[in-house]
Every structure is written in structure tokens, then in C-alpha cells.
Amino acid sequence: MGLNGALKLVKLSRSTWYDQFKLKPDKYRQIKRDLRQTVIDNAPYGYRRVHSELTDQDDGYGHQVSQDKVRLLMKDMAIQVANRPSKPKPGPVQRIINEAGDEINLVTKLEEKRPVRIGEVGVTDFTKIVYDNGTKKVQLMTVLDYRGRVVLGWEAADHKDTQLALRVWRKTKYNLSRLKLSVKKFIIHSDQDSVLTGLVWVRQVLVDDEALVSYSTNGCHGNTRMESWHSRFKGENKGLLADCKTLEEVRRKIKRQVSYYNYRRRHSALKNKAPMKYIKIRLNLLV
């Protein structure tokens, strides 16, 4: 029959037939290249984060492509997304927390009986502070007296770890002793952060210093006093900290602002007195 006869039979022109064999420009060629590089650089990314990397105008590739198209391209290119790592098994402290349930929140149990006293409970957590106009970050950990709202200890570092937590705890113990308050049976309450459920932290607080550990069973909602303090502190000092260029400069300004908060800033819940003055009055110490 030949080609002409076959094309006539299926009602297809010669130009259309030969057009199928022409190399057509791939409008997604650069997107595919950048997509492949994104997956190489960021192996755990799924298609949503790959899409963000491809389309972000500030620190991505700046392409205009839909999320569905990215998913199809990844499928066509046989790009396999790495499986998410399995959730690590809970450590010994975390297992105890899980088994204890609501009983692990000693603050709630205490408040069911009577009001918390000054020097009886300290709440703590980590929070991230950005500086150098948002290009750098530092982790701040604070221990706040639950009743008197005074900052008993704080420290800042490039990242949160057990050493940072222990430095804050040493400062907390020192300031409790200055206020003639006992570390023994002092309750330190926090979220279930991996640092604060670690064996080293718990052994130091619970065994070596004979204090008590307490944990929120519903995340930040069970540690609202600390969350509120961090939020207010960062909000009031955002511009001041954002201008810092180095970690040491951040630490100096945090130190100054914590001192202002403890000794000068009036607190409506403390009869409009600064936390340190309120505590000293209540404890019959020299103001």
C-alpha cells in the first residue's frame, strides 16, 4: 500500500505525519533541570516542598508552575521521594511520661489543692529569637517563677541542647539561694522537649539536686505562663534584638532587658510592682 495509501486510509496528511518526528522545544526543560537539582540537594522533600523551592521568588528558582504539574513531572521523571524516617522510639523518661498520663503534670495537681507559692514552681521552655535583620537565630531558654513572675535563670546559644539547659539550671539554683528559697522539691515544669526529657537533664534535676520535674500533657497549652512570657518578651524587644549583629550582642541586650523586667517593669498581676520587689516583699527580704 505504501505510506501515501496508509495516510489516505486513516485520513492523515503527510505534513501531520512528518510533524510527529520533529524535535519540539520542551517548555519545561529548565524546570526539570531545577527540579532534579532540588531533589539532589534536598533528598527528603516531597512534591509540595519541591514546588515551593521551584516557585519561591526570593530564595528559590522563581518558576511559574502549578503544584499538580510538579507532581506529574516528578512522576514522569521517575523521581522517587525518600521515605520519611520512622519516628524514633521513646526514651526511658518519655516512656514514664507516657505511662503517667495527666499525673505527670505536677503543677495542675498542686493547683487543684491550693495556690502555688513563690519559689515552689518554675516554668521553662526554649524559644527562637531572630537577629541581624532576620538572617540569624538564637535559642533562648528561660526559667520563670510561676507565682512571682521573676526570671530565675536564662541563657542563649546558637542551638538548644543539654548544656544550654544545664547552664540555665545552675543560674536558677543560684538565684533561688539568693532569695533564700530551697532547690529541694522545687518543681521545674516544661513541655516534653527532647532536651528536657533527656536522661542527663532529668538525672541532674531529679537525682542530683532533689528537685522535681513536671511536664505538660498538651504541649504549649499546658505551659501557657512560659509561652506568654516569651511571646511578650520577644514582641517588646523585637526591633532591639533584630539590630544585633553577633550572638554576644544579643546576649548583652537580653541580659539588660531581663534585668529591666525583673527590677523595674510593673506587673498588673503583682499589684503593679516589679517581680523582684514583689517577691522580696512577700518573702520579708530587704527590698
Side-chain angles (χ1 to χ4, degrees), residues 3 6-7 10-91 94 125-141 156-164 191-198 218-221 227 230-231 234-235 238-239 241-247 249-250:
L3 178 60
L7 292 175
V10 295
K11 298 181 180 179
L12 192 67
S13 68
R14 287 174 63 90
S15 60
T16 302
W17 169 257
Y18 284 111
D19 189 55
Q20 304 303 313
F21 298 96
K22 293 180 181 177
L23 290 175
K24 297 179 181 179
D26 184 357
K27 65 177 181 178
Y28 294 108
R29 183 179 180 184
Q30 189 60 47
I31 292 177
K32 288 178 180 178
R33 287 181 176 178
D34 295 338
L35 190 158
R36 189 175 297 279
Q37 190 61 47
T38 295
V39 174
I40 291 172
D41 294 340
N42 306 278
Y45 277 12
Y47 75 89
R48 292 183 179 87
R49 285 192 283 180
V50 169
H51 175 259
S52 295
E53 184 73 14
L54 290 173
T55 58
D56 195 301
Q57 298 291 331
D58 295 324
D59 52 7
Y61 289 101
H63 293 298
Q64 292 185 349
V65 60
S66 70
Q67 197 175 88
D68 287 340
K69 187 61 182 180
V70 169
R71 183 166 53 178
L72 290 173
L73 288 173
M74 291 178 72
K75 184 178 180 180
D76 291 342
M77 296 166 67
I79 292 177
Q80 299 294 323
V81 179
N83 292 327
R84 290 184 179 181
S86 57
K87 189 175 181 180
K89 293 182 179 179
Q94 189 63 58
D125 196 6
F126 298 95
T127 192
K128 181 176 71 175
I129 290 178
V130 295
Y131 67 102
D132 198 5
N133 295 315
T135 62
K136 299 174 184 176
K137 64 181 180 179
V138 64
Q139 289 286 343
L140 170 67
M141 180 180 173
D158 288 324
H159 56 275
K160 63 178 181 180
D161 57 20
T162 304
Q163 293 307 310
L164 170 61
D191 296 352
Q192 295 179 34
D193 186 278
S194 59
V195 172
L196 304 178
T197 57
N218 59 339
C220 61
H221 301 292
E227 292 291 327
H230 273 153
S231 177
K234 291 196 295 183
K238 183 177 180 180
L241 297 169
D243 291 338
C244 297
K245 298 299 181 184
T246 65
L247 174 58
E249 189 178 355
V250 172

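None of these values were measured; they are calculated from a predicted model. Positions are given from 1 along the sequence.
- Residues V50 and M74 are in side-chain contact: their nearest non-hydrogen atoms beyond the backbone lie under 4.5 Å apart.
- D56 places no side-chain N or O within 3.5 Å of a backbone atom of S52 that could act as its donor or acceptor partner.
- The structure places CG of D161 at 10.0 Å from OG of S194, a figure rounded to the nearest 0.5 Å.
- Between K160 and D193 a salt bridge is recorded (basic side-chain N to carboxylate O distance below 4.0 Å).
- Shown here for Y47 and V70, the closest heavy-atom pair between the two residues is O-CG1, 4.0 Å.
- In terms of heavy atoms, V138 sits closest to D158 at CG2-N, 4.4 Å.
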task: Evaluate side-chain contact (heavy atoms from CB on, under 4.5 Å) for N42 paired with R49, printing each intermediate quantity in order.
output: CA-CA 9 Å; N42 306 278; R49 285 192 283 180; over 6 Å; no

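- Partner of L140 under the side-chain contact (heavy atoms from CB on, under 4.5 Å) criterion, chosen from D125, V250, I129: I129.
- Heavy-atom minimum distance, V65 versus T55: O-CG2, 3.6 Å.
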task: Show your reasoning for whether side-chain contact (heavy atoms from CB on, under 4.5 Å) applies to D243 and N133.
output: CA-CA 6 Å; D243 291 338; N133 295 315; 4.2 Å; yes

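- Nearest approach of D34 to H63, heavy atoms of both residues: OD2-NE2, 2.6 Å.
- Atom CG of L35 is separated from atom CD of Q30 by 11.5 Å, given to the nearest 0.5 angstrom.
- Cation-pi check for K69 over Y28 is met; the charged atom lies under 6.0 angstrom from the ring centroid and within 45 degrees of its normal.
- When all heavy atoms are compared, the tightest approach of A157 to L164 is CB-CD1, 4.1 Å.
- Separating the NE2 atom in H230 from the CD atom in E227 is a distance of 8.0 Å, to the nearest 0.5 Å.
- For D68, the side chain to side chain donor-acceptor pair (under 3.5 Å) partners two or more places apart in sequence, or in a different chain, are R71.
- Panel note: side chain K234, backbone K128; a donor-acceptor pair is recorded below 3.5 Å.
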- request: Under the side-chain contact (heavy atoms from CB on, under 4.5 Å) rule, what do E53 and Y61 come out as? Steps first, then yes or no, please.
  value: CA-CA 7 Å; E53 184 73 14; Y61 289 101; 4.3 Å; yes

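- Distance check: Q64 CD to I31 CD1 gives 9.0 Å after rounding to the nearest 0.5 Å.
- For R48, the side-chain contact (heavy atoms from CB on, under 4.5 Å) criterion is met by Q67, not counting sequence neighbours.
- Atom NZ of K75 sits about 12.0 Å away from atom CG of L73, to the nearest 0.5 Å.
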- request: Before giving the answer on side-chain contact (heavy atoms from CB on, under 4.5 Å), spell out for D191 and L196 the whole-Å C-alpha distance, their side-chain angles and the decisive distance to 0.1 Å.
  value: CA-CA 8 Å; D191 296 352; L196 304 178; over 6 Å; no

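- Between T38 and Y45, the shortest heavy-atom distance links the atoms CG2-CD2, 4.2 Å.
- For the pair K136 (side chain) and K245 (backbone), a donor-acceptor distance under 3.5 Å is present.
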